[in-house]
Amino acid sequence: MDTEIRQLEEALRIAMLSSDAEALDALIADDLIFVGPSGEVFGKQDDLALHRSGRQKLSVADWHSVEIAMHDQTAVALTTADLAGTFDGAAFSGRFKYCRFWGKTAGVWQVLGGSVVALPPAMEAIA
(Lines give C-alpha, C1' and ligand atoms only; values in the text may rest on other atoms or scores of the structure.)
Protein backbone atom coordinates (compact mmCIF):
# COMPACT_ATOMS: atom_id res chain seq x y z
CA MET A 1 0.00 0.00 0.00
CA ASP A 2 2.99 2.30 0.55
CA THR A 3 3.64 2.21 -3.21
CA GLU A 4 0.00 3.03 -3.94
CA ILE A 5 0.09 6.13 -1.70
CA ARG A 6 3.34 7.27 -3.34
CA GLN A 7 1.66 6.94 -6.74
CA LEU A 8 -1.32 8.92 -5.48
CA GLU A 9 0.98 11.64 -4.10
CA GLU A 10 2.57 11.86 -7.57
CA ALA A 11 -0.87 12.01 -9.23
CA LEU A 12 -1.79 14.80 -6.81
CA ARG A 13 1.44 16.67 -7.64
CA ILE A 14 0.70 16.49 -11.37
CA ALA A 15 -2.93 17.55 -10.86
CA MET A 16 -1.86 20.51 -8.70
CA LEU A 17 0.80 21.58 -11.21
CA SER A 18 -1.64 21.51 -14.13
CA SER A 19 -4.64 22.77 -12.10
CA ASP A 20 -6.52 19.66 -13.26
CA ALA A 21 -9.74 20.17 -11.30
CA GLU A 22 -11.22 16.88 -12.56
CA ALA A 23 -8.26 14.86 -11.27
CA LEU A 24 -8.22 16.84 -8.01
CA ASP A 25 -11.94 16.20 -7.59
CA ALA A 26 -11.29 12.44 -7.73
CA LEU A 27 -8.30 12.59 -5.37
CA ILE A 28 -9.88 14.78 -2.66
CA ALA A 29 -12.63 13.65 -0.27
CA ASP A 30 -15.85 15.67 -0.31
CA ASP A 31 -15.45 16.59 3.37
CA LEU A 32 -11.76 17.61 3.14
CA ILE A 33 -10.35 19.78 5.91
CA PHE A 34 -7.05 21.39 4.88
CA VAL A 35 -5.08 24.08 6.71
CA GLY A 36 -3.09 26.41 4.45
CA PRO A 37 0.24 28.07 5.20
CA SER A 38 -1.42 31.14 6.77
CA GLY A 39 -3.74 29.09 8.95
CA GLU A 40 -6.78 29.44 6.71
CA VAL A 41 -9.01 26.37 6.45
CA PHE A 42 -10.03 25.07 3.03
CA GLY A 43 -12.64 22.51 2.04
CA LYS A 44 -12.72 20.56 -1.20
CA GLN A 45 -14.79 23.14 -3.07
CA ASP A 46 -12.44 25.92 -1.92
CA ASP A 47 -9.45 23.99 -3.24
CA LEU A 48 -11.10 23.22 -6.57
CA ALA A 49 -12.20 26.86 -6.93
CA LEU A 50 -8.60 28.05 -6.45
CA HIS A 51 -7.52 25.93 -9.40
CA ARG A 52 -10.54 26.56 -11.63
CA SER A 53 -10.41 30.34 -11.16
CA GLY A 54 -6.68 30.63 -11.69
CA ARG A 55 -6.25 32.27 -8.26
CA GLN A 56 -3.56 29.67 -7.61
CA LYS A 57 -1.19 28.63 -10.37
CA LEU A 58 1.87 26.51 -9.84
CA SER A 59 4.82 26.69 -12.21
CA VAL A 60 6.98 24.40 -10.04
CA ALA A 61 5.91 21.50 -7.83
CA ASP A 62 8.89 19.25 -7.12
CA TRP A 63 8.53 16.62 -4.40
CA HIS A 64 11.88 16.04 -2.62
CA SER A 65 10.86 13.47 -0.07
CA VAL A 66 7.72 11.53 0.67
CA GLU A 67 7.44 9.61 3.93
CA ILE A 68 4.45 7.30 4.37
CA ALA A 69 3.00 5.79 7.54
CA MET A 70 0.31 3.18 6.89
CA HIS A 71 -2.52 2.48 9.35
CA ASP A 72 -5.06 -0.08 8.09
CA GLN A 73 -7.28 1.87 5.65
CA THR A 74 -5.57 5.22 6.33
CA ALA A 75 -2.16 6.66 5.60
CA VAL A 76 -0.21 9.73 6.58
CA ALA A 77 2.03 11.24 3.91
CA LEU A 78 4.68 13.79 4.85
CA THR A 79 6.00 15.49 1.72
CA THR A 80 8.74 18.12 1.35
CA ALA A 81 8.26 20.14 -1.84
CA ASP A 82 9.70 23.06 -3.73
CA LEU A 83 6.85 25.19 -5.03
CA ALA A 84 6.66 28.32 -7.15
CA GLY A 85 3.76 30.10 -8.77
CA THR A 86 1.20 32.76 -8.04
CA PHE A 87 -1.55 33.10 -5.46
CA ASP A 88 -4.06 35.90 -6.01
CA GLY A 89 -1.62 37.40 -8.50
CA ALA A 90 1.32 37.51 -6.08
CA ALA A 91 4.37 35.42 -6.92
CA PHE A 92 5.69 32.97 -4.35
CA SER A 93 8.38 30.32 -4.16
CA GLY A 94 10.00 28.26 -1.47
CA ARG A 95 10.22 24.93 0.22
CA PHE A 96 7.05 23.61 1.87
CA LYS A 97 6.09 20.64 4.01
CA TYR A 98 2.74 18.92 3.46
CA CYS A 99 1.11 16.53 5.89
CA ARG A 100 -1.76 14.71 4.18
CA PHE A 101 -4.15 12.12 5.57
CA TRP A 102 -5.34 9.57 3.03
CA GLY A 103 -8.29 7.29 3.67
CA LYS A 104 -9.68 4.38 1.71
CA THR A 105 -13.47 4.28 1.41
CA ALA A 106 -15.35 1.89 -0.86
CA GLY A 107 -12.02 0.84 -2.38
CA VAL A 108 -10.93 4.39 -3.28
CA TRP A 109 -8.09 6.37 -1.68
CA GLN A 110 -8.71 10.11 -1.17
CA VAL A 111 -7.15 12.95 0.79
CA LEU A 112 -9.24 13.43 3.92
CA GLY A 113 -7.30 16.31 5.40
CA GLY A 114 -3.95 17.87 5.89
CA SER A 115 -1.88 20.99 6.13
CA VAL A 116 1.01 22.77 4.50
CA VAL A 117 3.64 25.05 6.03
CA ALA A 118 6.33 27.17 4.42
CA LEU A 119 9.75 26.15 5.68
CA PRO A 120 12.01 29.01 6.73
CA PRO A 121 15.27 29.13 4.75
CA ALA A 122 17.27 27.83 7.74
CA MET A 123 14.99 24.78 7.89
CA GLU A 124 15.43 24.01 4.19
CA ALA A 125 18.92 22.62 4.84
CA ILE A 126 17.52 20.35 7.55
CA ALA A 127 14.46 19.15 5.57
Side-chain angles (χ1 to χ4, degrees):
M1 285 195 303
D2 178 274
T3 301
E4 190 174 7
I5 298 299
R6 288 180 189 282
Q7 291 169 344
L8 289 165
E9 280 286 320
E10 177 62 10
L12 187 61
R13 182 189 76 80
I14 292 167
M16 290 168 58
L17 188 56
S18 61
S19 286
D20 184 343
E22 186 176 325
L24 290 168
D25 186 38
L27 290 164
I28 298 171
D30 288 342
D31 54 355
L32 172 78
I33 298 173
F34 193 86
V35 180
S38 299
E40 66 278 32
V41 178
F42 294 94
K44 178 178 184 171
Q45 293 310 314
D46 301 319
D47 190 55
L48 295 177
L50 285 174
H51 288 279
R52 287 182 178 130
S53 68
R55 286 185 56 212
Q56 176 178 287
K57 290 188 180 200
L58 294 176
S59 55
V60 173
D62 294 332
W63 282 190
H64 287 280
S65 67
V66 179
E67 299 172 46
I68 307 290
M70 300 301 301
H71 304 276
D72 294 323
Q73 298 299 301
T74 61
V76 179
L78 189 61
T79 302
T80 303
D82 284 339
L83 303 177
T86 58
F87 188 85
D88 282 339
F92 72 91
S93 67
R95 183 156 286 186
F96 294 80
K97 180 127 354 219
Y98 286 94
C99 182
R100 280 190 275 268
F101 303 95
W102 291 86
K104 191 172 192 178
T105 306
V108 178
W109 285 100
Q110 290 184 309
V111 177
L112 306 174
S115 64
V116 62
V117 295
L119 297 177
M123 294 300 293
E124 290 179 16
I126 297 169

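Positions are given from 1 along the sequence. Keep in mind that what you see is a predicted model, and the values were worked out from it rather than measured.
Under 3.5 Å, the side chains of T86 and Q56 contain no donor-acceptor pair of N or O atoms.
Side chain of E40 to main chain of S38: a donor-acceptor pair is present (N/O by atom type, distance under 3.5 Å, no hydrogens or angles). In this structure, the side chain of Q110 does not engage the main chain of W102 through any donor-acceptor pair within 3.5 Å. When atom types are taken as modelled, the side chain of S59 and the backbone of A84 share a donor-acceptor pair closer than 3.5 angstrom. Without hydrogens or angle criteria, R6 side chain to V66 main chain gives a donor-acceptor distance under 3.5 Å.
Tracing side-chain contacts under 4.5 Å through hydrophobic residues (I, L, V, M, F, W, Y), one reaches I68 starting from L27; they form part of the same cluster. Grouping the Ile, Leu, Val, Met, Phe, Trp and Tyr side chains by contacts below 4.5 angstrom, directly or via other members, places I14 apart from L48. Transitive grouping of hydrophobic side chains (ILVMFWY, heavy atoms separated by less than 4.5 Å) brings F42 and V116 into a common cluster. Note: the hydrophobic cluster containing V35 does not contain F92 (ILVMFWY, side chain heavy atoms under 4.5 Å, direct or indirect links).
When all heavy atoms of R52 and Q45 are compared, the pair lying nearest together is NH1-OE1, 4.2 Å. What you find for A61 and L17 is that their closest heavy atoms are N-CD1, 3.9 Å.
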* To do: Walk me through it: do Q73 and W109 pass the test side chain to side chain donor-acceptor pair (under 3.5 Å)?
  => CA-CA 9 Å; Q73 298 299 301; W109 285 100; over 6 Å; no
* To do: Might you work through the side chain to side chain donor-acceptor pair (under 3.5 Å) test for K97 and T80, ending with a clear yes or no?
  => CA-CA 5 Å; K97 180 127 354 219; T80 303; 2.7 Å; yes
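Side-chain contact between F101 and T74 is absent, with no heavy atoms from C-beta onward closer than 4.5 Å. When side chains are defined from C-beta on, V60 does not count as touching S93, because their heavy atoms never get closer than 4.5 Å. With a 4.5 Å cut-off on side-chain heavy atoms, P37 and V117 do not count as touching. The closest side-chain heavy-atom distance from L32 to L112 is not below 4.5 Å. The shortest side-chain heavy-atom distance between F34 and I28 does not fall under the 4.5 Å cut-off. Residues L83 and Y98 have side chains in contact (heavy-atom distance under 4.5 Å, counting atoms from C-beta outward). I33 is listed as a side-chain neighbour of V41, based on a closest heavy-atom distance under 4.5 Å.
With sequence neighbours excluded, no residue satisfies salt bridge (charged side-chain N to carboxylate O under 4.0 Å, His left out) with D31. Under the salt bridge (charged side-chain N to carboxylate O under 4.0 Å, His left out) criterion, E10 pairs with R13, sequence neighbours left out.
The distance from atom NE2 of H64 to atom CZ of R95, rounded to the nearest 0.5 Å, is 4.0 Å. Here the CG atom belonging to L58 is positioned 6.5 Å from the OG atom belonging to S19, to the nearest 0.5 angstrom. Going from atom CG of D47 over to atom NE2 of H51 covers 4.5 Å, rounded to the nearest 0.5 Å.
Note on K44 versus D25: salt bridge recorded, some NZ/NE/NH1/NH2 to OD/OE distance being below 4.0 Å.
Few gaps surround NZ on K104; more than 12 heavy atoms of other groups in view lie less than 6.0 Å from it. In D72, the CG atom is not crowded: 12 or fewer heavy atoms of neighbouring residues, nucleotides or ligands sit closer than 6.0 Å.
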